[in-house]
Colleague: 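Quick one: the structure is below, questions incoming.
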Amino acid sequence: MPVAMTSGPTAGAYPRVYAVVRRIPRGRLATYGQIAALAGLPGRARQVGYALHALPSGTSVPWHRVVNTRGSISRRATFGDELLQRILLEGEGVRFDAGNRVALSRYRWCPRQGRLPRGKAR
DNA sequence: TTTATGGCTGTCA
DNA sequence: ATGACAGCCATAA
């Protein structure tokens with residue numbers, strides 16, 4: 001196991017990211033930026049991507065519930081992975097429209113209603 | 001050490 | 001609606 005950053009503002013960032021992702025209810029979605037903010041890493045959506053990418057297979061973290069701000073699955077190294085994400089989401093009742101996008105305004109996870117501004121979504 | 005890249009986001013055309 | 005640009009900063013080489 002890596003020593004990890006034992007100091008600094010980013011100390012233990014990965015565990016925090018995982019903790020937040022784990023709280024996403026089934027059938028709900030969150031964006032990288034949203035996760036980053038909730039994990040105390042505002043503006044570091046990329047790191048969230050790295051954290052999720054580092055997850056082992058068979059993890060209990062629902063990484064598939066994290067998508068980009070457009071509501072679409074980011075292009076990954078292989079089609080298999082992004083397809084898997086879609087399959088998993090559909091298995092939770094999330095519908096994709098043409099273009100492989102989901103209605104974020106409809107599925108967005110709101111840990112605290114009004115925490116993040118997103119128009120008049122409900 | 002430096003450099004390049006990137007599972008993103010927000011703004012502007 | 002889509003496409004281009006610029007910030008952001010951790011990770012990999």
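Throughout, protein chains are lettered first and strands after them, A, B, ... in sequence-line order, and every chain is numbered starting at 1.
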Colleague: In this structure, how many angstroms lie between the P atom of B/dG10 and the CG atom of A/L104, rounded?
Modeller: 11 Å

Colleague: Could you tell me how far apart A/Q47 (CD) and C/dC8 (P) are, to the nearest whole angstrom?
Modeller: 16 Å

Colleague: Check A/R86 against A/I73 and note the closest heavy-atom contact, atom names and distance.
Modeller: N-CD1, 3.6 Å

Colleague: Counting only heavy atoms not in A/R22, do more than 12 sit closer than 6.0 Å to its CZ atom?
Modeller: yes

Colleague: Nearest whole Å is fine: how far is B/dG7 C1' from A/Q85 CD?
Modeller: 9 Å

Colleague: Tell me: OH of A/Y50 to P of C/dA12, nearest whole Å?
Modeller: 8 Å

Colleague: Atom CG of A/L89 to atom P of B/dG7: distance rounded to whole Å?
Modeller: 19 Å

Colleague: Considering only heavy atoms from C-beta outward, does the side chain of A/V94 approach that of A/R65 to under 4.5 Å?
Modeller: no

Colleague: Indicate, with yes or no, if A/L84 and A/V61 share a hydrophobic cluster defined by side-chain heavy-atom contacts under 4.5 Å among Ile, Leu, Val, Met, Phe, Trp and Tyr.
Modeller: yes

Colleague: When you look at A/E92 and A/H64, which way does the side chain to side chain contact (heavy atoms under 4.5 Å, CB included) test go after all the steps?
Modeller: CA-CA 11 Å; A/E92 298 186 346; A/H64 56 274; 3.1 Å; yes

Colleague: What nucleotide, of B/dT9, C/dC8, B/dG7, holds the atom closest to the side chain of A/R46?
Modeller: C/dC8

Colleague: Which heavy-atom pair separates A/Q47 from A/Y14 by the least distance, and what is that distance?
Modeller: NE2-CE1, 4.0 Å

Colleague: Pairs counted only when both distances fall under 3.5 Å, Watson-Crick or G-U: show me the 5' to 3' dot-bracket for DNA chain C, [ ] for pseudoknotted crossings and | for other-strand partners.
Modeller: .||||||.|||||

Colleague: Restricting to non-hydrogen atoms, name the atom on A/T31 and the atom on A/N68 that form the minimum distance, rounded to 0.1 Å.
Modeller: CG2-O, 3.9 Å

Colleague: Give me the distances for all protein-to-nucleotides 2-4 of chain C N/O pairs that come in under 3.5 Å?
Modeller:
none

Colleague: Test of understanding: clusters of I, L, V, M, F, W, Y form through side-chain heavy atoms closer than 4.5 Å, transitively. Do A/L88 and A/L83 belong to the same one?
Modeller: no

Colleague: Any side-chain N or O of A/Y14 below 4.0 angstrom from OP1/OP2 of C/dT11?
Modeller: yes

Colleague: If I compare all heavy atoms of A/A51 with all of A/Y18, which pair ends up nearest, and what's the gap?
Modeller: O-OH, 2.7 Å

Colleague: Rounded to whole angstrom units, what separation is found between the CD atom of A/Q34 and the P atom of B/dC8?
Modeller: 15 Å

Colleague: Can you tell me how far P of C/dA1 sits from CZ of A/R70, to the nearest Å?
Modeller: 12 Å

Colleague: Whole-Å distance between C/dA10 P and A/L52 CG?
Modeller: 16 Å

Colleague: Is any side-chain N or O of A/T69 closer than 4.0 Å to OP1 or OP2 of B/dG10?
Modeller: yes

